[in-house]
Amino acid sequence: MSLRRQPSAAGAGATPLPPTRAPLPLPLSASAQFRRIAAVLLLVLGIHGAGLFLFKEGYLLTRLELNSTATCPTVPPWSADFVPPAAAASAGGATSKACWPHARFHRTLLIMIDALRFDFIAYNESIPPTATPYYINKVPVISRMLKTRPAHSLLYRGLADPPTTTLQRLIALMTGALPTLVDAGSNFGSSAIREDNLVGHLQRAGRRVVSMGDDTWDRLFPTSLNETYPYPSFDVWDLHSVDEGVISHLFPALEKRRRSAAAAATGAAGTRTSTGNDSDSDWGPAR
């Protein structure tokens with residue numbers, strides 16, 4: 001026997017009540033709406049300002065250029081005759097008469113190849129010739145020199161900080177200063193280097209500096225180069241003029257200096273095998 005609940009007489013004929021709705025919020029006043037929009041805009045502006053500040057402090061650095069130059073009586077810190085400034089002051093300002101270390105070589109040839117990646121010259125013998133990519137194992141002369149003349153050749157992998165444009169890397173190499181990101185814009189309108197640099201020291205020491213190739217060298221050192229053979233560096237459609245110009249002037253210049261050194265040695269009645277003095281020494285960057 002099942003028991004069923006019978007609906008009451010009152011509930012059977014009752015009309016269902018409509019669902020209740022939440023009361024609508026009161027509309028905000030104009031001043032409240034303005035304050036809310038202003039708060040959101042200030043928050044967005046604050047986030048953008050913090051991002052710009054972090055970008056400026058991390059990337060858009062400024063570099064201070066020092067116009068002072070090192071002189072010969074300044075003893076290098078690695079020298080045995082180096083006297084700290086505090087010790088020299090306590091000793092009554094006594095200075096050492098030592099100068100920079102003597103040069104081991106009287107001629108230096110510096111060849112720079114712009115945009116040369118490390119994997120272009122690192123020889124990988126594990127790759128068979130049939131599977132060699134187009135950019136690997138194409139400069140075997142480096143690997144051959146490392147094998148045949150290990151005491152006179154080294155291969156380093158350098159990591160350059162941005163910007164890696166030509167002008168900034170040349171300034172870093174010649175001055176030892178680190179370029180900043182904002183200096184990349186000056187790559188298209190370079191000016192003379194006012195900082196202490198290697199080329200200036202070579203000139204003051206009586207060295208002869210010859211530049212061949214990229215005209216950036218001529219713009220950086222307009223008065224410090226004895227000879228210069230500049231070629232346009234921003235002609236992206238011309239890939240051969242600079243290289244051919246360096247080749248056409250490099251070997252004649254080396255041969256000319258070799259003949260002049262031999263003539264000077266012969267004129268000295270056999271007392272020296274080479275001139276060896278600073279005025280007959282060359283330092284030539286070529287690109």
* side-chain contact (heavy atoms from CB on, under 4.5 Å) between M112 and W217, intermediate numbers included -> CA-CA 12 Å; M112 294 186 181; W217 288 92; 3.7 Å; yes
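- The CG atom of L202 lies 9.0 Å from the CG atom of N197; values are rounded to the nearest 0.5 Å.
- A donor-acceptor distance shorter than 3.5 angstrom exists from the side chain of N137 to the backbone of N124, with no hydrogens or angles considered.
- T216 contributes atom OG1, which lies 10.0 Å from atom CD of Q168 (distance to the nearest 0.5 angstrom).
- Expressed to the nearest 0.5 Å, how far CD1 of I171 lies from CD1 of I193 amounts to 5.0 Å.
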* Dump the intermediate steps for side-chain contact (heavy atoms from CB on, under 4.5 Å) on D114 and V242, then the final yes or no. => CA-CA 11 Å; D114 202 354; V242 178; over 6 Å; no
* To do: Take M174 and F221 through the test side-chain contact (heavy atoms from CB on, under 4.5 Å) and record every step on the way to the result.
  => CA-CA 11 Å; M174 294 297 104; F221 307 100; 3.8 Å; yes
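- When all heavy atoms are compared, the tightest approach of S211 to L225 is CB-CD1, 3.7 Å.
- Within a 6.0 Å radius of CZ in F120, more than 12 heavy atoms belonging to other residues, nucleotides or ligands are found.
- Across all non-hydrogen atoms, the minimal contact from S248 to Y231 is OG-OH, 4.3 Å.
- The minimum heavy-atom distance linking A253 with M212 is given by the pair CB-CE, 3.6 Å.
- To the nearest 0.5 angstrom, L43 atom CG is 10.0 Å from H48 atom NE2.
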* Asked: Does the pair N226 and R207 meet the rule for a side-chain contact (heavy atoms from CB on, under 4.5 Å), with working shown?
  -> CA-CA 9 Å; N226 298 95; R207 303 277 180 166; over 6 Å; no
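- When every heavy atom of V246 is checked against every heavy atom of G213, the shortest pair comes out as CG2-CA, 3.6 Å.
- Linking ILVMFWY side-chain heavy atoms closer than 4.5 Å, directly or via other members, places Y135 and V139 in a single hydrophobic cluster.
- Heavy atoms only, all atoms of each residue included: D196 and R204 are closest at OD1-NH2, 3.5 Å.
- If you chain together hydrophobic residues whose side chains sit under 4.5 Å apart, L159 and I113 never meet in one group.
- V44 and L54 fall into different hydrophobic clusters, where Ile, Leu, Val, Met, Phe, Trp and Tyr side chains are chained together by heavy-atom contacts under 4.5 Å.
- The backbone N or O of D218 sits nowhere less than 3.5 Å from a side-chain atom of D215 that would complete a donor-acceptor pair.
- Distance check: L198 CG to Q203 CD gives 11.0 Å after rounding to the nearest 0.5 Å.
- If you chain together hydrophobic residues whose side chains sit under 4.5 Å apart, V141 and L155 fall into the same group.
- Rounded to the nearest 0.5 Å, atoms CE (M145) and CG (L154) are 10.0 Å apart.
- Minimum heavy-atom separation, L170 to L220: CB-CD1, 4.0 Å.
- Y123 and I136 fall into different hydrophobic clusters, where Ile, Leu, Val, Met, Phe, Trp and Tyr side chains are chained together by heavy-atom contacts under 4.5 Å.
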